Enquirer: 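First the structure, then my questions, so here it is.
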2 protein chains.
Amino acid sequence: MRKGEATRIRIVEEAARQASLRGLAAVSLADVAEAVGLSKSGLFKHFDSKEAMELEIVDYVTLLFTEFVWRPAEHLPTARERLSRIFDLWMDWEDKKWAQGGCPIMAFSVELDDQPGPVRDLLQRRLQQWKKTLLRQFQQLREPPLSDVEAQTAYFQMKSFALGHLDARRIMGDADARRSAQAAFEALLDRTERASPP
Amino acid sequence: MRKGEATRIRIVEEAARQASLRGLAAVSLADVAEAVGLSKSGLFKHFDSKEAMELEIVDYVTLLFTEFVWRPAEHLPTARERLSRIFDLWMDWEDKKWAQGGCPIMAFSVELDDQPGPVRDLLQRRLQQWKKTLLRQFQQLREPPLSDVEAQTAYFQMKSFALGHLDARRIMGDADARRSAQAAFEALLDRTERASPP
DNA sequence: TCAGAAAGAGCACGATCGGTCACTTTCTGT
DNA sequence: ACAGAAAGTGACCGATCGTGCTCTTTCTGA
């Protein structure tokens, strides 16, 4: 049972890599099998169906995102430091970790938004968790804490800038994308900190 | 030659509709043919290949975007009014015009960003044109005109909010998405107008 | 009106898709 | 060491993919 777990991980990693390039639906079981050195039917000893594999991919990628972006920032002393670090790591995630195919989470979001089913549901749950985490951080940015509405506003803009960075970087080929995003986000933090409580 | 043009348009419209749902690559010629009441081989009297059809789709959708978002705002008296109207129409485009499948331009961007070829090139050209149009509008927002850097900053944030709106609306199911986007954008216009020239 | 072109139908192709089944090899717990 | 489970193979299935071919129907310009 030990050996199986190892190949299972190799399969998911490879499948996630391919999914970041072409999308979840376009992942070919034959290609994945060949890349990890298995026969196509060998894959089915690890996954009951392609949908089961897609679930594992989404699970793997979203957990990896948390490890990559949240874990190193989690224990910084102030909310401002945490948020700055998170955004910086988020940019790294988008253009270092997934330099080749682009952020898979954004790709999955666009691909799945109108395709109901367990895969979309899992993605949604994970994105909601992440949103909750960020809202909590924004609330701690000021004393007294930001209202729900203020935190929502800040969250919306933060996520927008992360999306904008990806768009500018990957489709528009904008070399300044990261600087623009970082500047916009720091200005957002300034505005949000300074905003006078009601 | 008249009749052919009419069905050609019906084909592109239907193909664009399907592409907004599942992506360009996932458009099935068989499905398109059936939807417009043709045989699959009949399609090839209008398009040499699937790639040729994808080019038509991108062409059609991007021109339609300009008609929908830019044309009605083009002749408003002030840059502020034009930009406000553009953003409002942009939101309409995203959640009225393409209510079912989501904005195809964003979907194509994510799908094509790492797939070199004439289809991606066409999309990039059209997106660059649109960026230029918006930059010009931002420059006219203030007297003396905004610098290139200032206009770039404003453009980056505008596009980010449009992307953020789509993300919030479609994947996160956020009913307040449009309000958040609109508020963020109006605040951006305020900041940009007020910013003191160097 | 009538010939030639355009539009479209029907069929078949090779490739690839996700998936099954019977079988063999390899590992692992006792 | 050995039995049983886990891991992996190879051949094959029906469906669907984009595309080419031949043939017929329909339109249109002179």
Side-chain angles (χ1 to χ4, degrees), chain A residues 1-60 107-108 111-112 115-120 122, chain B residues 1-58 107-108 111-112 115-120 122:
Chain A
M1 194 216 254
R2 190 68 50 73
K3 172 118 179 288
E5 196 56 30
T7 47
R8 183 193 183 87
I9 291 171
R10 277 170 44 229
I11 294 172
V12 175
E13 284 175 347
E14 172 61 24
R17 204 187 61 81
Q18 291 198 18
S20 81
L21 292 168
R22 298 173 258 175
L24 271 182
V27 169
S28 154
L29 296 187
D31 289 355
V32 172
E34 196 195 356
V36 300
L38 280 185
S39 66
K40 202 171 52 158
S41 54
L43 288 187
F44 285 89
K45 293 290 146 116
H46 299 275
F47 306 96
D48 290 342
S49 66
K50 200 195 173 189
E51 184 177 273
M53 197 181 75
E54 292 176 357
L55 279 168
E56 295 264 3
I57 294 174
V58 170
D59 185 65
Y60 167 75
F108 299 166
E111 181 179 353
L112 296 175
Q115 310 212 337
V119 186
R120 187 188 65 168
L122 173 60
Chain B
M1 193 216 252
R2 191 67 51 73
K3 170 120 180 286
E5 197 55 30
T7 47
R8 183 192 184 87
I9 291 172
R10 275 169 46 228
I11 294 171
V12 176
E13 285 175 346
E14 172 61 23
R17 204 186 60 81
Q18 291 198 19
S20 80
L21 291 170
R22 299 173 257 176
L24 271 181
V27 168
S28 154
L29 297 189
D31 289 354
V32 173
E34 196 195 355
V36 299
L38 280 185
S39 68
K40 206 170 45 157
S41 54
L43 288 186
F44 284 89
K45 294 290 147 122
H46 299 274
F47 306 95
D48 291 343
S49 65
K50 199 194 172 187
E51 184 179 273
M53 197 181 77
E54 292 176 356
L55 280 168
E56 296 264 4
I57 294 173
V58 170
F108 299 166
E111 181 179 354
L112 296 174
Q115 309 213 337
V119 186
R120 188 188 64 170
L122 173 60

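Letters go in sequence order (proteins before strands), and every chain restarts at 1. Not measured: the values here are computed from a predicted model. All heavy atoms count here, side chains included; hydrogens, waters and symmetry mates do not.
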Enquirer: Name the nucleic acid region contacted by A/V27, choosing base, sugar-phosphate or nothing; use a 4.0 angstrom heavy-atom cut-off, strictly under.
Expert: sugar-phosphate
Enquirer: For A/F47 and D/dG8, give me the distance from atom CZ to atom C1', rounded to whole Å.
Expert: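 It is 14 Å, rounded to the nearest whole Å.
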Enquirer: Can you tell me if the side-chain N/O atoms of B/H46 get under 4.0 Å from OP1 or OP2 in C/dG8?
Expert: yes
Enquirer: To check you understand the geometry: which heavy-atom pair defines the closest contact between B/D48 and B/A52, and what is its length?
Expert: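 What the structure gives for the nearest pair is N-CB, 4.1 Å.
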Enquirer: For A/S28 and for A/S41, find the nucleotide of DNA chain C with the closest heavy atom, then tell me which residue's nucleotide is more 5'.
Expert: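 The residue closer to the strand's 5' end, by nearest nucleotide, is A/S28.
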Enquirer: For the pair made of CZ in B/R22 and P in D/dT16, what is the distance, rounded to whole Å?
Expert: 13 Å
Enquirer: Report the distance from atom CD of A/E34 to atom P of C/dC17, rounded to the nearest whole Å.
Expert: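 These atoms are roughly 11 Å apart.
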Enquirer: Starting from P on D/dA15, measure out to CG on B/D31 and report it in whole angstrom.
Expert: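 In whole Å, D/dA15 P lies 16 Å from B/D31 CG.
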Enquirer: Please pick, from D/dG8, D/dT19, C/dG8, the nucleotide with the shortest atom-to-atom distance to any side-chain atom of B/K40.
Expert: D/dT19
Enquirer: Hey, what do you get for CD1 (A/I11) to CZ (A/F47), rounding to the nearest 0.5 Å?
Expert: 5.0 Å
Enquirer: Grab the CD-P distance between B/E5 and D/dT28 for me, whole Å please.
Expert: 12 Å
Enquirer: What integer distance in Å separates B/D48:CG from D/dT19:P?
Expert: 10 Å
Enquirer: Looking at B/V27 and B/K50, what are the two nearest heavy atoms and their distance?
Expert: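 Shortest heavy-atom separation between B/V27 and B/K50 comes out as O-NZ, 3.0 Å.
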Enquirer: What's the CD-C1' distance between B/Q18 and D/dC17, to the nearest Å?
Expert: 14 Å
Enquirer: Between C1' on C/dG19 and CG on A/L29, what's the gap in Å once rounded to a whole number?
Expert: 9 Å
Enquirer: According to a strict under-4.0 Å criterion, is B/T7 in side-chain N/O contact with OP1 or OP2 of C/dG8?
Expert: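 Answer is yes, contact under 4.0 Å.
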Enquirer: Going by an N to O cut-off under 4.0 Å, is there a salt bridge joining A/E13 and A/R10?
Expert: no
Enquirer: Give a yes/no on whether any side-chain N or O of B/K45 is located under 4.0 angstrom from OP1 or OP2 of C/dA6.
Expert: no
Enquirer: Nearest to the side chain of A/F44, heavy atoms from C-beta on, is which of D/dG18, D/dC17, C/dG19?
Expert: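 Selected nucleotide: C/dG19.
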Enquirer: Please tell me if the side chains of B/L21 and B/R17 come closer than 4.5 Å, counting only heavy atoms from C-beta onward.
Expert: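 They are in side-chain contact.
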